[in-house]
Asker: 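One structure, as structure tokens, below. Some questions next.
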Amino acid sequence: STHLGHSFPTRRSSDLKLVVYFARLYTPNPTLSLAQFLDLKDHSSISKMYSSVKKMLEEEKNPFVLSLREEIKNRLNELNDKKTAFNSSE
């Protein structure tokens, strides 16, 4: 999308791609449900966004970004472990 005649992604576009990426990784929701929830055209939008972020992260070489990615992954896994432990104790 463009902003004031410039052809660079808007902040919302970048944020939305990250939301889609993490939603696909850490929720059981199908792509169609995510597309509807995020008010996107269809499930292929979800797939394209997910793929673009995944590719960007796989090609990332910046040590800060790599450590941040690992930290996010670890914290999300911890949350998932706590959720699993809570659900199994019921």
Side-chain angles (χ1 to χ4, degrees):
S1 59
T2 60
H3 180 67
L4 300 176
H6 299 291
S7 60
F8 54 84
T10 62
R11 167 103 187 188
R12 182 181 174 343
S13 171
S14 299
D15 291 349
L16 186 59
K17 285 181 181 180
L18 290 173
V19 167
V20 165
Y21 178 77
F22 286 112
R24 282 284 316 273
L25 282 180
Y26 294 102
T27 70
N29 300 319
T31 56
L32 184 58
S33 296
L34 289 172
Q36 290 169 342
F37 179 77
L38 296 170
D39 199 28
L40 297 171
K41 190 168 62 173
D42 58 30
H43 70 282
S44 66
S45 301
I46 297 289
S47 297
K48 288 175 189 171
M49 288 182 189
Y50 174 80
S51 295
S52 75
V53 172
K54 183 178 180 199
K55 182 178 181 199
M56 180 192 69
L57 290 174
E58 287 171 349
E59 295 173 352
E60 182 59 57
K61 303 291 186 241
N62 182 315
F64 174 74
V65 174
L66 293 173
S67 68
L68 184 60
R69 181 180 67 190
E70 283 304 306
E71 182 67 23
I72 291 169
K73 188 167 104 177
N74 290 339
R75 288 185 184 217
L76 288 170
N77 285 334
E78 287 174 16
L79 287 173
N80 193 37
D81 290 346
K82 287 178 184 177
K83 180 182 169 192
T84 301
F86 177 78
N87 289 338
S88 65
S89 69
E90 292 180 344

Asker: Could you check whether any side-chain heavy atom of Tyr26 comes within less than 4.5 Å of a side-chain heavy atom of Asn77, counting everything from C-beta outward?
Answerer: yes
Asker: Enumerate, atom names and distances included, each donor-acceptor pair closer than 3.5 Å involving a side-chain atom of residues 52-65, sequence neighbours excluded.
Answerer:
residue: Ser52; atom: OG; partner: Met49; partner atom: O; Å: 3.0
residue: Glu60; atom: OE2; partner: Asn62; partner atom: N; Å: 2.8
residue: Asn62; atom: OD1; partner: Phe64; partner atom: N; Å: 2.8
residue: Asn62; atom: OD1; partner: Val65; partner atom: N; Å: 3.4

Asker: How would you list, by chain and number, every residue that makes a salt bridge (Lys or Arg N to Asp or Glu O under 4.0 Å) with Lys73, sequence neighbours excluded?
Answerer: Glu70
Asker: In chain order, what residues pass the side-chain hydrogen bond (donor to acceptor under 3.5 Å, both in side chains) check against Glu71, with sequence neighbours excluded?
Answerer: Arg75
Asker: What donor-acceptor contacts under 3.5 angstrom involve side-chain atoms of residues 35-45, with partners at least two apart or in another chain?
Answerer:
residue: Asp42; atom: OD1; partner: Ser44; partner atom: N; Å: 3.0
residue: Asp42; atom: OD1; partner: Ser44; partner atom: OG; Å: 2.5
residue: Asp42; atom: OD1; partner: Ser45; partner atom: N; Å: 3.3

Asker: Please round to the nearest 0.5 Å and tell me the distance separating atom CG of Asn74 and atom CG of Leu79.
Answerer: 11.0 Å
Asker: Are Tyr21 and Leu32 co-members of a hydrophobic cluster defined by side-chain heavy atoms under 4.5 Å apart?
Answerer: no
Asker: In terms of hydrophobic clustering (I, L, V, M, F, W, Y; side-chain heavy atoms under 4.5 Å; direct or indirect links), are Leu66 and Phe22 co-clustered?
Answerer: no
Asker: CZ of Arg24 to CD1 of Ile46: how many Å apart, nearest 0.5 Å?
Answerer: 8.0 Å
Asker: Take Tyr50 and Thr31, measure what side chain to side chain contact (heavy atoms under 4.5 Å, CB included) needs, and give me the verdict at the end.
Answerer: CA-CA 10 Å; Tyr50 174 80; Thr31 56; over 6 Å; no
